[in-house]
Amino acid sequence: MIATETETKSPYDLALQNFEKAADALNLVNDDRNSVRNPERALIVSVPIMMDSGSVHCFEGFRVQHNTSRGPAKGGIRYHPNVTLAEVKALAMWMTWKCAVVNIPFGGGKGGVTCNPKVMSAKEIERLTRRYTHAILPIIGPGQDIPAPDVYTNPQIMAWIMDTYSMTRGHLVPGVVTGKPISLGGSQGRNEATGLGVFNTIECACPHLKMQIKGAKVAVQGFGNAGSVVAQLLDSAQADVVAVSDSRGCVYKKDGLHIAKLIQYKEHAGSVVGFPESEPITPDELLALDCDILVPAAMENMIDRANAPAIRARMIAEAANGPVTPEADAILEKKGAFVIPDILCNAGGVTVSYFEWVQNEQHMSWDLQEVNSRLQTIMQRSFIPVLDVHLERKVSMRTAATMLAIQRVVEATKTRGLYP
Ligand code: NAD
């Protein structure tokens with residue numbers, strides 16, 4: 001098969017392509033494009049650490065701040081063998097738009113270290129984290145740039161980052177990272193926030209599509225943190241979650257899987273595969289099911305030009321970041337599928353990260369009900385203007401969300417007068 005655009009272009013080229021499409025729809029002048037297109041700052045660091053074997057290995061790490069006109073940079077840190085500067089730049093830009101769409105006072109940032117934590121011991125990961133934190137220390141801080149967990153990083157790693165940063169300040173600085181353990185200033189509801197935000201946007205989309213959650217047939221690709229919470233919430237709202245998958249396989253039940261039992265099953269079996277009250281199907285069969293709502297909640301680029309034509313769902317709620325390639329996006333648009341784009345759909349995670357930062361800065365802690373109710377308000381308030389732009393300007397929901405985000409960032413950049 002001939003290589004597709006997604007395969008030949010870098011992630012940053014693809015992020016720029018998405019930016020230019022929305023900027024064109026806005027008729028954005030070149031001066032404004034130039035002011036928000038490129039990352040403000042990109043730091044490349046060498047991270048030498050002692051491995052358990054006694055030898056020294058030097059890892060490469062990055063921290064990129066794409067735009068801070070609306071507030072400190074915000075974005076996760078990824079530990080993965082495929083981390084590159086181009087990927088981190090793309091993800092940082094994505095965070096700028098995501099924070100702007102939900103109108104929280106943050107800019108976009110992202111970080112990463114090229115490593116394979118699956119083959120590293122906990123002590124090696126701790127040494128890597130502390131040395132990487134030391135290397136990026138001059139550019140992070142509660143008012144400057146606030147990291148969070150991303151692929152293969154977790155609350156324990158955030159605790160080590162906070163500890164390393166705090167040691168240089170002489171006092172505890174919980175606001176330097178979010179996604180911390182609750183005992184160190186983490187927020188109630190952070191674990192479920194992405195899934196709850198996805199559910200909130202599905203609720204907002206239903207009246208527009210004249211669809212009801214009750215009785216809707218749902219397929220969820222990726223039964224991890226985000227996917228399992230969405231499945232649980234949809235199940236509680238009486239939707240029929242007929243299929244779910246993880247990296248090992250997919251399970252299907254025509255009249256709906258018992259999600260609570262499936263979560264328990266996965267906890268001890270390590271996968272959804274083999275769930276007793278279900279039959280196995282292939283990943284392509286899951287995508288092609290005759291269902292109302294498809295929730296991609298696994299990895300990037302899972303819906304591509306090869307499998308997109310078979311998708312029949314009316315609504316696609318992007319819990320994952322970048323699950324649909326640009327080619328597949330065009331196919332889905334032509335079919336009339338309603339896509340709730342990632343920068344809106346999964347923004348519940350960064351929104352509750354923002355709540356965590358606010359609580360840390362104010363030395364307060366909110367209860368779960370307060371966190372969830374504030375989250376619901378923000379998700380609903382963010383969905384409506386995106387839908388309005390989609391309908392008025394006849395652009396996809398993705399372009400509408402990016403247009404709104406760019407407008408807010410450009411306005412902030414110009415109002416500050418950053419380039420007199
Ligand atoms: P996770 O690791 O908890 O879950 C990912 C799930 O996807 C796992 O069940 C894994 O088995 C499954 N998976 C992996 N490859 C698969 C494949 N080929 N087919 C089917 N399933 C596959 O991760 P998560 O935190 O739930 O994140 C999932 C997605 O949501 C990612 O794209 C992430 O960037 C995005 N996201 C997560 C958050 C968050 O707060 N957790 C916030 C915003 C966006």
Side-chain angles (χ1 to χ4, degrees), residues 11 74-80 82-83 87-88 90-92 94-95 97-99 101-102 104 108 110 112 117-118 147-155 158 178-180 186-187 189-201 219-232 243-252 262-263 265-267 269-273 275 280-287 294-304 307 317-325 340-356 371 375 379:
K74 185 87 193 79
I77 288 173
R78 180 172 288 201
Y79 286 176
H80 195 275
N82 298 342
V83 166
E87 181 186 69
V88 179
L91 292 167
W94 222 326
M95 286 305 297
W97 311 143
K98 193 181 289 190
C99 294
V101 165
V102 287
I104 55 176
K110 205 79 183 189
K118 284 192 175 170
D150 191 68
V151 175
Y152 295 152
T153 53
N154 55 34
M158 297 308 111
T178 59
K180 297 179 293 293
S187 179
R190 175 62 189 86
N191 278 344
E192 300 76 27
T194 302
L196 180 55
V198 172
F199 178 75
N200 292 151
T201 60
V220 180
Q221 180 194 54
F223 201 63
N225 176 311
S228 64
V229 173
V230 184
Q232 240 175 326
V244 307
S245 65
D246 61 25
S247 56
R248 295 203 223 155
C250 317
V251 290
Y252 170 76
L262 182 56
I263 288 172
Y265 175 83
K266 185 172 171 161
E267 256 165 36
S271 168
V272 297
V273 174
F275 182 54
I281 55 170
T282 67
D284 280 344
E285 282 170 340
L286 179 142
L287 290 179
L294 172 64
V295 184
M299 310 295 284
E300 290 102 5
N301 298 336
M302 300 283 296
I303 299 177
D304 56 22
N307 56 29
E318 293 185 341
N321 280 318
V324 177
T325 67
I340 311 175
D342 48 10
I343 57 170
L344 170 65
C345 192
N346 71 31
V350 74
T351 301
V352 174
S353 270
Y354 162 59
F355 296 163
E356 181 175 329
V371 169
L375 173 62
M379 296 310 293

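The figures that follow rest on heavy atoms only: side chains count, while hydrogens, waters and symmetry mates do not. Atoms within a ligand are numbered from 1 in the order they appear, just like the ligands themselves.
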**Asked** Looking only at heavy atoms, what is the nearest atom pair of Gly222 and Ala297, with distance?
**Response** O-CB, 3.6 Å
**Asked** What do you reckon, does Asn225 have a nitrogen or oxygen under 3.5 Å from a nitrogen or oxygen of ligand 1?
**Response** yes
**Request:** Grab the two heavy atoms, one from Ala193 and one from Val352, that are nearest each other, plus how far apart they are.
**Result:** CB-CG2, 3.4 Å
**Request:** Ignoring angles and geometry beyond distance, decide whether Gly349 reaches within less than 3.5 Å of ligand 1 through its nitrogen or oxygen atoms.
**Result:** no
**Prompt:** Can you name the nearest heavy-atom pair linking Ser271 to Tyr265, along with the distance?
**Reply:** O-CE2, 3.3 Å
**Prompt:** Please state which protein non-hydrogen atom is closest to atom 4 (O) of ligand 1 and give its distance, to 0.1 Å?
**Reply:** Gly224 CA, 3.2 Å
**Prompt:** What are the two closest non-hydrogen atoms of Thr194 and Gly349, and how far apart are they?
**Reply:** OG1-CA, 3.3 Å
**Prompt:** With backbone taken as N, CA, C and O and side chain as the heavy atoms from C-beta onward, which portion of Met302 lies under 4.0 Å from ligand 1: side chain, backbone, both, or neither?
**Reply:** side chain
**Item:** Heavy atom of Lys266, distance to ligand 1 below 4.0 Å
**Value:** yes
**Asked** Glu285 versus Cys250: any side-chain heavy-atom pair under 4.5 Å?
**Response** no
**Request:** Give the atoms of ligand 1, by number and element, whose distance to some non-hydrogen atom of Ala320 is under 4.0 Å.
**Result:** 29 (C), 30 (O), 32 (O), 35 (C)
**Prompt:** For atom 42 (C) of ligand 1, which candidate among Val220, Val151, Asn154, Thr194 holds the nearest heavy atom?
**Reply:** Thr194
**Request:** Indicate whether atom 2 (O) of ligand 1 is within a distance of less than 4.0 angstrom of some protein heavy atom.
**Result:** no
**Part of Glu318 with heavy atoms under 4.0 Å of ligand 1, whether side chain, backbone, both or neither** = neither
**Item:** Protein heavy-atom partner closest to atom 11 (O) of ligand 1 - residue, atom, separation in Å
**Value:** Ser247 N, 3.0 Å
**Prompt:** Heavy atoms only: which of Pro323, Ala297, Ala193 is nearest to atom 5 (C) of ligand 1?
**Reply:** Ala297
**Message:** What's the separation between atom CG in Asp150 and atom NE2 in His80, rounded to the nearest 0.5 Å?
**Reply:** 10.0 Å
**Prompt:** Thr153 side chain to Ile77 main-chain N or O, any donor-acceptor pair under 3.5 Å?
**Reply:** yes
**Item:** Ile343 to Trp97 - nearest heavy-atom pair and separation
**Value:** CD1-CB, 4.0 Å
**Asked** To the nearest 0.5 Å, what is the distance between CD (Gln221) and CG (Asn307)?
**Response** 8.0 Å
**Prompt:** Do Glu318 and Asn346 come close enough that some side-chain heavy atom pair is under 4.5 Å?
**Reply:** no
**Complete:** Counting from 1 in the order shown, the ligand 1 atoms closer than 4.0 Å to a non-hydrogen atom of Arg190 are 40 (O)
**Item:** Closest protein heavy atom (residue, atom, distance) for atom 31 (C) of ligand 1
**Value:** Ala298 O, 3.3 Å
**Message:** I need the minimum non-hydrogen distance between Val272 and Asp246, along with the two atoms involved.
**Reply:** N-OD2, 2.8 Å
**Message:** As an exercise, identify every atom of ligand 1 less than 4.0 angstrom from a heavy atom of Ala226.
**Reply:** 26 (O)
**Request:** Start with the C-alpha gap between Phe223 and Leu262, add the side-chain angles, then the distance that decides, and say whether side-chain contact (heavy atoms from CB on, under 4.5 Å) holds.
**Result:** CA-CA 10 Å; Phe223 201 63; Leu262 182 56; 4.0 Å; yes
**Asked** Tell me: protein heavy atom nearest atom 35 (C) of ligand 1, and distance?
**Response** Ala319 O, 3.6 Å
**Prompt:** With a 4.0 Å cut-off, strictly under, does atom 18 (N) of ligand 1 pick up any protein heavy atom?
**Reply:** yes
**Asked** Starting from atom 34 (O) of ligand 1, which protein heavy atom do you reach first, and at what distance in Å?
**Response** Asn321 ND2, 3.0 Å
**Request:** Compute the minimum heavy-atom distance from Arg248 to ligand 1 and say whether it is under 4.0 Å.
**Result:** no
**Request:** Could you tell me the residue and atom name of the protein heavy atom closest to atom 20 (C) of ligand 1, and the distance to it rounded to 0.1 Å?
**Result:** Asp246 O, 3.3 Å
